[in-house]
Amino acid sequence: MATTATEPKADRDERVRRVGGLRKLLDRPELGAIAGLVVVWVFFAIIAPSENNFLGMATTASILNRAAPLGILAVAVALLMIAGEFDLSIGSILGFTGMAIMIAVTPVDAGGLGWSLLPAVILALVLALVTGLINGWLVVVTKLPSFIITLGTLFTFRGLTIAITRARTNRTQLGNLDEVPGYELFRSYFGREFELLGAHFSISILWWVAFTALATWILVRTRAGNWIFGTGGAPEAARAVGVPVRRVKIALFLTTAFAAFFVAMSQAVEFTGSDTLRGTRREFEAIIAAVVGGCLLTGGYGSAIGAALGALIFAMVQQGIVITGIDGDWYQVFIGVVLLAAVIFNNFIRRKAASR
């Protein structure tokens, strides 16, 4: 009796678990941010008066211009949160380094140092990195929660910003940066605008995209990215396999400090000045943007792209409130509601993904 042989199936390693499309989708940290972005866009597109044209290029430019500074901060904060830490001082560092630049370039007879812009920017960068190093060192040495450490430095550097500026200049706002030698060079890279379809876009948008792409590449494609996830997800296990957990955390605090410096410098160049209250509450908005983008408060999970989308949601709401004429006080209500909704949604998605 004849038998027919069947062709053997392609070899498949049964040790590798097959993951379905739904599971892959649920595993993406950006899922909640994408859904929120669509909902907010549709909401304002429907209720905005037709004469204000929420869908127009000018409104799009305004939204992106608003989102870029927060997006740069949120991406850096997201990396730190994935590693299981917080930086509440990022807004104070922003104000501190911005005023450091302005005091350095202010004429001597007005209480400043009379420097040109390049050495002033270098001074501000050094101050920012020293601040980030202090934050990181205190966290890893004292083993106190980073929430407490950076809350202390938040008030310390905000107070120093106001006290030093008033003591030297008797003012809280300094300007005329465009009259300082070296300004045009910095303006061409950090304060310029470009026109597209009749709308004016800030060059900071390009920097925001570049920082987001770099952070995403680090997280997804490099060993340092694995270290960041391991540091936040299972620090003891990560340390046991050779991950330099302490150095990772210090490096990420330096990253958030650099992001604050970069935004401070860019805004000082763009607006030709700074003030002692710049950056106020930015630390909370950056953290919330990261949470909206999928970062867990417990660490070990998150996305730079999600944090960038979270910043975009914030900017879209701010611009939508202006266009629709809604009372601006409702913006803070939105922040609180979005934070709670994002945390609940992220936990729900993670449980669903784990169960599947």
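Below, all heavy atoms of this structure are taken into account, side chains as well, without hydrogens, waters or symmetry copies. Nothing here was measured: the structure is a model prediction, and the numbers come from that model.
Summarising the geometry of Ser274 relative to Met102, their closest heavy-atom pair is CB-CG, 3.7 Å, with the distance given to 0.1 Å. What you find for Val75 and Ala304 is that their closest heavy atoms are CG2-O, 3.8 Å. Nearest heavy atom pair, residue Val263 against residue Pro69, reads CG2-O, 3.7 Å. Taking both residues in full, the closest heavy atoms of Thr172 and Met99 are given as O-CE, 4.4 Å, listed atom of the first, atom of the second, then distance. Of all the heavy atoms in Gln173 and Arg171, the pair that sits closest is O-NH2, 3.1 Å. Minimum interatomic distance between Arg66 and Ala315 (heavy atoms only, all atoms of both residues): CB-CB, 3.7 Å.
To the nearest 0.5 Å, atoms OG1 (Thr161) and CG (Asp275) are separated by 10.5 Å. To the nearest 0.5 Å, atom CD1 of residue Ile149 and atom OG1 of residue Thr142 are 4.0 Å apart. The distance from atom CG of Leu129 to atom CG of Leu254, rounded to the nearest 0.5 Å, is 6.0 Å. One finds the CD1 atom of Ile203 at 9.0 Å from the OG atom of Ser266 (value rounded to the nearest 0.5 Å). The CG atom of Leu118 lies 11.5 Å from the CG atom of Leu123; values are rounded to the nearest 0.5 Å. Atom OG1 in Thr165 sits 3.5 Å away from atom CD1 in Ile103 (nearest 0.5 Å).
Leu117 places a side-chain heavy atom less than 4.5 Å from the side chain of Ile101. Residues Asn65 and Ile205 form a side-chain contact, since some pair of their non-hydrogen atoms from C-beta on lies under 4.5 Å apart. Contact check for Thr106 versus Leu113: no side-chain heavy atoms found under the 4.5 Å cut-off. In this structure, Glu85 and Leu252 have side chains that are not in contact, with every pair of non-hydrogen atoms separated by 4.5 Å or more. Side-chain contact between Tyr301 and Phe229: absent, with no pair of heavy atoms (C-beta onward) separated by less than 4.5 Å. Proximity of Glu270 to Phe190: side-chain heavy atoms (C-beta onward) are nowhere separated by under 4.5 Å. Contact of the Tyr189 side chain with the Val269 side chain is not registered, since no non-hydrogen atoms from C-beta on lie closer than 4.5 Å. Considering only heavy atoms from C-beta on, Leu133 comes within 4.5 Å of Ile250 through its side chain.
Every pair passing side-chain hydrogen bond (donor to acceptor under 3.5 Å, both in side chains) that includes a residue from residues 197-215 is listed here, sequence neighbours excluded: Ser202-Ser204. Applying the side-chain hydrogen bond (donor to acceptor under 3.5 Å, both in side chains) test to pairs two or more places apart or on separate chains, those with a residue in residues 237-248 are Glu236-Arg239.
Just one of Val42, Val292, Leu312 meets the side-chain contact (heavy atoms from CB on, under 4.5 Å) condition when paired with Leu37; it is Leu312. When each of Thr131, Asn135, Thr256, Thr156 is tested with Ser89 by the rule side chain to side chain donor-acceptor pair (under 3.5 Å), just one qualifies, namely Asn135.
Side-chain N or O atoms of Arg168 include one that pairs as donor or acceptor with a backbone N or O of Gly111 at under 3.5 Å. Between the side chain of Arg282 and the backbone N or O of Gly95, no donor-acceptor pair lies under 3.5 Å.
Leu151 and Leu94 end up in the same hydrophobic cluster when Ile, Leu, Val, Met, Phe, Trp and Tyr side chains are linked at under 4.5 Å. In the hydrophobic cluster analysis, where Ile, Leu, Val, Met, Phe, Trp and Tyr join through side-chain heavy atoms closer than 4.5 angstrom, Phe211 is grouped apart from Val209. Taking hydrophobic clusters as Ile, Leu, Val, Met, Phe, Trp and Tyr residues chained together by side-chain heavy-atom distances below 4.5 Å, Phe253 shares a cluster with Trp137. Both Phe44 and Trp41 belong to a single network of hydrophobic side chains, linked directly or stepwise wherever heavy atoms of I, L, V, M, F, W or Y lie under 4.5 Å apart. Tracing side-chain contacts under 4.5 Å through hydrophobic residues (I, L, V, M, F, W, Y), one reaches Val337 starting from Leu297; they form part of the same cluster.
Grouped by direct or indirect side-chain proximity (heavy atoms under 4.5 Å, Ile/Leu/Val/Met/Phe/Trp/Tyr only), Ile93 sits alone.
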Can Ile305 and Leu309 be said to form a side chain to side chain contact (heavy atoms under 4.5 Å, CB included), step by step?
CA-CA 6 Å; Ile305 294 176; Leu309 293 175; 4.3 Å; yes
Could you walk me through whether Gln267 and Phe262 pass the side chain to side chain contact (heavy atoms under 4.5 Å, CB included) test, one step at a time?
CA-CA 9 Å; Gln267 290 186 334; Phe262 188 89; over 6 Å; no
In sequence, state the C-alpha distance, the side-chain angles, and the governing distance for Phe86 and Met81, and then conclude on side chain to side chain contact (heavy atoms under 4.5 Å, CB included).
CA-CA 6 Å; Phe86 293 91; Met81 289 183 65; 3.8 Å; yes
After noting the C-alpha distance and the side-chain angles of Met265 and Phe261, does the key distance pass the side chain to side chain contact (heavy atoms under 4.5 Å, CB included) rule?
CA-CA 6 Å; Met265 181 265 297; Phe261 152 77; 4.2 Å; yes
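With sequence neighbours left out, Ser62 forms a side chain to side chain donor-acceptor pair (under 3.5 Å) with no residue at all. Every residue meeting the ring-ring contact (aromatic ring centres under 6.0 Å, His included) condition with Phe157, not counting sequence neighbours, appears here in chain and number order: Phe96. Considering only residues two or more places apart in sequence or on other chains, Glu283 meets the salt bridge (Lys or Arg N to Asp or Glu O under 4.0 Å) condition with none of them.
Checking Thr272 against Asn176 by side-chain atom types alone, no donor-acceptor pair falls below 3.5 Å.
A 6.0 Å sphere centred on CZ of Phe194 holds more than 12 heavy atoms belonging to other residues, nucleotides or ligands.
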